[in-house]
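One structure is given below, encoded as structure tokens.
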Amino acid sequence: MSDLLAHLNPPQRAAVTLPAQHALILAGAGSGKTRVLTTRIAWLISSGQVAPPGILAVTFTNKAAKEMLTRLAAMLPISTRGMWVGTFHGLCNRLLRAHYQDAGLPAQFQILDLADQLSVIKRLLKSLGVDDERYPPRDVMHFINAHKEQGVRAAQAEAYDQYTSRRVELYAAYEAQCQREGVVDFAELLLRAYELLQRNEPLCRHYQARFRHILVDEFQDTNRLQYAWLKLLAGHGSVIPEGTGACLFAVGDDDQSIYAFRGADIGNMHDLQREFHLSEVIRLEQNYRSHGNILDAANALIQQNRSRLGKQLWTEAGAGEAIRVFTGWSDVDEARFIVSEVSALVGDGMARDQIALLYRSNAQSRVLEHELFTRGVPYRVHGGLRFFDRQEIRHALAYLRLIANPDDDTAFARVVNFPPRGIGSRTVELLAEAARQANSSLYRAALGLPGKPGSSAARFLDLVDRLRVQAPARPLAELVDLVIEQSGLRAHYLNDKEGRERLDNLNELINAAITFLGEEGEQENEEQDSDGGGPLAAFLAHASLEAGEHQAGDGQEAVQLMTVHAAKGLEFDTVFITGLEHGLFPHENAVRAGEGLEEERRLMYVAVTRARRRLYLTHAQRRMLHGQTHECQPSLFLDELPAALLRRIEWRTAGSGARASGAGAEHGTWQEVRKAGGLRIGQNVHHARFGAGVVVSLQGSGADGRAQVNFDKHGMKWLHLATAGLALV
DNA sequence: ACAGCGTTAGTTTTT
DNA sequence: CTAACGCTGT
């Protein structure tokens, strides 16, 4: 056991060996958060304080849950069996499957992802004849989800004006519709599980007696409902029998809270302290990731935020390199600099996957990708289409869903005419109308319709029927194969020119089914409760809850491109934070909202703390946005970093000795015009707004000519010679 | 049933 | 500037 604690620093050890009590651990970036969490569990178990079934560990992502299990398996001599480790959604799904009747759900209930949910809402609005201009489906969906995340049902929702009142009605209709179809959306998964425990006292007592330690990762990202769920399970706020209820061990970092827009509420951190009477908070501030300069920059930046619990990262590593700042003349210029820098780093032996290019919004990847592609640098963009989101996979899953639950209208509508079998929109409309009148699902309405035997509609119903009859006798993978074959999907994609890849994906789905069953059997389960609905329902839930890797890395070691949000939790030797311009990062939409700027700053903080050794901050003076070129001001975050930590990078400039690679082709161009406008490199100039500076490079000629000037006070700028009014000094 | 056209919007996202 | 969506015409 002492081995467990051997490599921990004092605060980490204090957190791990805390007596059985509620606790909040404020874990800074790179401070060994996951390690503390897993070691705590291992310590609790190996010191005999709790048996594995007494542990409930909650994360937000499947990746984090998996990582926790892997590390635990390495630490503990005994099996992790019996522990509940998973995402909020995964665990709630488990609860609902085990107690589906008490929760008022069919055994085969399906889980709607965001796209499915939107599709349900669209159909609902249509059937109710709602003007979707006034009530855009996306807004309605957001309205519904926001309420559910607050734990508010339609019946309790406040309708303070007529418009809202209508949306509450739609929320109620949506609830009814989902109930009729036997489907639950993501938020419903949590709300149902919460209500299940809240209303069923014996059941709640059972779990309160079982779980003695609840550990939560990324606590700052919890929404109100998730916090309420945790409190309920921990037995907080109600009188419960002696020896039951759990200790809540929450690990989080308020400075890395970047998901307020989807309901995360940092207020939960304050409430946790208050409601659980936490006298002290353990702070993990020693950072094992980054060099000193990077941490100093991060600290200085985040200090500008007013509402913080307070924390200061430090390291035993040296100061390291200065933070490099580059100002591009344009977004393209910025990208060229970055890629040239990347090439140089790779040339010096740095692994490409240790270089990350971060941006605030996805659209920004375009220019970077173009440049990387042109220069032949392998790269990988995170955040693309996920496996279970692919069209062909969704089609196949829809058939499987129909087999499991014929009332699933979303699934029905998706495949009723795919592959095309002559069931047009007219037929579907009639069907929808019949279903609405009979208050039944599309499938049942279709059964009731006076369809001619042999009609395409009847053949479709036969197909689903036939598959459903065969389903129970078949192993899951075989069933998937059967569905792909008999539905005509395989034949359809065989005739398709881009179908090759889609067929590969469908075959991959069969593999996924095999893998899934393997893993399923390996873990769980001495408990009977975990499958309500058999392997098919479990597989479908898996498909909804774990959307799969974004794309299998093609093996080739590649430069990593992603949004700052997607980078949270990751680390790289070298990080480029790009597009550091006002309006872009911080994003203008965020700045307008009340606390928006602070969240943007936290986002910047997350970005900065991703870097181990080298950090580049880049921005452009003009950028193409929505088809128009915009003049861009540097991000205010650049000004919030101590100048002493920064070093401006000059690129393709005379005599600077900066990376000259890539300048070859353009070298001649600017050499010819270096005398443009009477300016020369090294010329001292004065600008009305920026003051004194030195010309470091010249480009273009005539009305197009521009000069890069390093201003004493304002750093590097590109200026139009025609308009800048530079005075020679 | 589907191609082709016009319109419109355009942060961040896991489950 | 795009991409995505919805509508119209064949």
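Numbered from 1 within each chain, the chains take letters A, B, ... in sequence-line order.
OP1 or OP2 of dT15(B) has at least one side-chain nitrogen or oxygen of Asn62(A) nearer than 4.0 Å. Phosphate contact (OP1/OP2 of dT15(B), side-chain N/O of Arg386(A), threshold under 4.0 Å): present. Residue Asn417(A) has a polar side-chain atom (N or O) positioned under 4.0 Å from OP1 or OP2 of dA1(B). For Thr563(A), a side-chain nitrogen or oxygen approaches OP1 or OP2 of dT13(B) to under 4.0 Å.
Closest to the side chain of Arg360(A), from the set dC2(B), dT12(B), dT13(B), is dT12(B). Nearest nucleotide to the side chain of Arg366(A), out of dT11(B), dA3(C), dT13(B): dA3(C). Of the candidate nucleotides dT14(B), dT11(B), dT12(B), dT12(B) has the atom nearest to the side chain of Asn362(A). Residue Leu114(A) has its side chain nearest to dT14(B) when only dC2(B), dT14(B), dG10(B) are considered.
Looking at Glu600(A) and His587(A), their side chains never bring a donor and an acceptor atom within 3.5 Å of each other. In the model, Asn93(A) has a side-chain atom that pairs as donor or acceptor with a side-chain atom of Arg97(A) under 3.5 Å.
Atom pair Leu96(A):CG and dT15(B):P shows a separation of 18 Å (rounding to whole Å applied). Per the geometry, CG belonging to Leu189(A) stands 13 Å off P belonging to dT15(B), to the nearest Å. Rounded to whole Å, the distance from CD on Gln364(A) to P on dG10(B) is 16 Å. When rounded to the nearest whole Å, the span between CD of Glu369(A) and C1' of dT2(C) equals 14 Å. Distance, Glu588(A) CD to dT11(B) P: 9 Å, rounded to whole Å. In this structure, Arg138(A) places its CZ atom 14 Å from C1' of dT12(B), rounding to the nearest Å. One atom, CG of Leu191(A), and another, C1' of dT15(B), lie 15 Å apart when rounded to the nearest Å. Between the CG atom of Asn589(A) and the P atom of dG10(B) there is a distance of 9 Å, given to the nearest Å.
Pro137(A) is listed as a side-chain neighbour of Asp132(A), based on a closest heavy-atom distance under 4.5 Å.
A donor-acceptor pair under 3.5 Å is formed between the side chain of Asn417(A) and the backbone N or O of Ile423(A).
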**Report entry** Candidate pair Val183(A) and Phe109(A), rule side-chain contact (heavy atoms from CB on, under 4.5 Å), full reasoning
**Finding:** CA-CA 5 Å; Val183(A) 296; Phe109(A) 74 84; over 6 Å; no
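Annotation: of the two residues near DNA chain B, Thr87(A) and Ile423(A), the 5′-most nearest-nucleotide partner is Ile423(A).
Taking atom P in both dT13(B) and dA4(C), the straight-line distance is 15 Å, to the nearest Å.
Using cut-offs of 30° and 60° for the angle between ring planes, the Phe261(A) and Tyr259(A) rings count as tilted.
In this structure, Phe261(A) forms an aromatic stack with the base of dT12(B), since both conditions hold: centre separation below 5.5 Å and plane angle below 30°. The aromatic ring of His565(A) is not stacked on the base of dT12(B), since the criterion of ring centres less than 5.5 Å apart with planes inclined by under 30° is not met.
If you check every strand for non-hydrogen atoms under 4.0 Å, Tyr259(A) touches sugar and phosphate atoms only.
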